[in-house]
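Beneath this line is the structure, given in structure tokens, with notes to follow.
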2 protein chains.
Amino acid sequence: MIPLLWRTAHPPRRGPSRGLSVDAIVQAATRLADASGLEPLTMRALAGELGVAPMTLYTYVPGRAELLELLVDHAVLTMARRGFDGLGWRERVSAVAEDNRALHRAHPWVAAVDPARPVLGPGTMAKYEHELAAFDGCGLSDVDRDAALTFVLDFVTASARAEARSSPETDEAWWAGAGPVLAAVMDPSSYPLAARVGTAAGEAQRSARHPDHAWAFGLARVLDGLAALVEPQIV
Amino acid sequence: MIPLLWRTAHPPRRGPSRGLSVDAIVQAATRLADASGLEPLTMRALAGELGVAPMTLYTYVPGRAELLELLVDHAVLTMARRGFDGLGWRERVSAVAEDNRALHRAHPWVAAVDPARPVLGPGTMAKYEHELAAFDGCGLSDVDRDAALTFVLDFVTASARAEARSSPETDEAWWAGAGPVLAAVMDPSSYPLAARVGTAAGEAQRSARHPDHAWAFGLARVLDGLAALVEPQIV
DNA sequence: AGCTTACGGTGTACGCTGTATGGAGTGCGC
DNA sequence: GCGCACTCCATACAGCGTACACCGTAAGCT
């Protein structure tokens, strides 16, 4: 798998020339996944999109799981990365978070791929290298630097998942159906806090600018959480 | 779905008595999922476990997706919840986090279920009610209280996913295979930070007590992050 | 009592998935 | 010019979730 990610396979010496390329496949698959998600991205659908028979794909890629890893690494390689010049650590970490949020908005399926093992491709490596640098000068040990980055990225992924799960319109429609049923079945006095907070949160969620509020809230917590670790070091 | 979660369906008036029950199905399915994960939990396998034909399950449950929601709600209903008596907010929030970690350790598949919509069953409601109370006296608005809880739970889920993905032994074996290949293909001087930090983090990860360190690190960040929001209020 | 009807259980079958296998055609290397 | 390595693909298989039709059962109605 790793040689495939790094495009290290030597070109074939014999036989007819290849009609496709791993990159062409990755590009088409990305287009399909962007359009309709990961589930409809089947080997048959992808082959159809490329005008070849399904089994042809297997001459380029060992299987679907590996294809998904290629997709992720490619998405991550080509994502926007803003520079860190002249920024303080909070701004740098915010930039990393925002870049990743943009990635998940452009390719919502990225958060849904879960590779059995870390995807050690050029995209992932470049991303890791870049993002680790956000913690330069923070006085973190190598292990803590990695943990801090994981902490930030896990937050972004969780936010992206939440955001992907719901849009204001579909939420509205769903609550219109589920709300009455729930009210009929559950006694609010058994769950006083949940009923009150859940209602408030639910209403907020249906407002258009809620995702941005939730994001700002979470990111502030992440930064404050790291500050306690970092700022004693940099004064 | 909601009436099914709340077991609100009226018993049948005619016909032969039922040989199974939703609870029996949920119990067997949980046993199967605990033993081997979510993927081998097929309708056929579950039916076999229960000694009925596969289609029989559909008289109790609309489909597999709904079954998984039932599983989650049941797991969440029966999870251990430690009390909050006499604890400060940090200890209460830690307790919530630890309880959820225990849940994910007992039922690693819980983090892998992703329902299209929130699972509004009795388990989820009881959990929400209980966990919201951890933020009593913190001076949070209802919306922020919900956001704070989400923040904590998202962290726990991300940790659980990471922990489920890897165990020290299989990691060791995998790195033994992937390491040399990666070294052959990637130029470490192109990724100086990544190579150094990645190596340190990878070595730490393979040590037996790493999961606990990662957990402590993340939980400390979560609490510190919330502290900046909470403690001005409670002095 | 007997007919009707709702209901539980299930055999069969459909459409879908990823992919193993083997064969036909192609072009380089000997 | 022979053989082999290679691309491409048709067919096929095992597995999935589940729609549908059917049979037997037992309760309600007349």
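None of these values were measured; they are calculated from a predicted model. Every chain is numbered from 1 and lettered A, B, ... according to where its sequence line falls, protein lines coming before strand lines. Heavy atoms only: backbone and side chains are in, while hydrogens, waters and symmetry mates are out.
Interatomic distance, His74(A) NE2 to Thr124(A) OG1, rounded to the nearest 0.5 Å: 12.0 Å.
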Sequence neighbours excluded and cut-off under 3.5 Å, please list the side-chain donor-acceptor pairs for residues 153-161 of chain B, or say none.
from      : atom 1 : to        : atom 2 : distance (Å)
Thr157(B) : OG1    : Leu153(B) : O      : 2.9
Ser159(B) : OG     : Phe155(B) : O      : 3.1
Arg161(B) : NH2    : Ala111(B) : O      : 2.7

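Side-chain contact of Trp109(A) with Glu39(A): a donor-acceptor pair under 3.5 Å is absent, judged by distance alone. Side-chain contact of Gln205(A) with Asp146(B): a donor-acceptor pair under 3.5 Å is absent, judged by distance alone. Between the side chains of Ser21(B) and Asp23(B), no donor-acceptor pair is found at a separation under 3.5 Å.
Going from atom CG of Leu57(B) over to atom C1' of dT18(D) covers 11 Å, rounded to whole Å. Separating the CD atom of Glu39(A) from the P atom of dG18(C) is a distance of 10 Å, rounded to the nearest angstrom. Between Met43(A) atom CE and dC16(D) atom P there is a gap of 20 Å when expressed in whole angstrom units. Rounding to whole angstrom units, CG of residue Leu67(B) and P of dC16(D) are separated by 15 Å. Rounded to whole Å, atom P of dG18(C) lies 11 Å from atom CG of Leu38(A). Taking atom CG of Leu50(B) as the reference point, atom C1' of dT10(C) lies 15 Å away to the nearest angstrom. Rounded to whole angstrom, the span from the CZ atom of Arg64(A) across to the P atom of dC16(D) amounts to 17 Å.
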**Report entry** Nucleotide-resolved protein contact map, nucleotides 4-12 of chain D, B/S/- at heavy-atom distance under 4.0 Å
**Finding:** BBBSBBBB-
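The only option from Arg105(A), Arg82(A), Arg81(A) that meets the salt bridge (charged side-chain N to carboxylate O under 4.0 Å, His left out) definition with Asp99(A) turns out to be Arg82(A).
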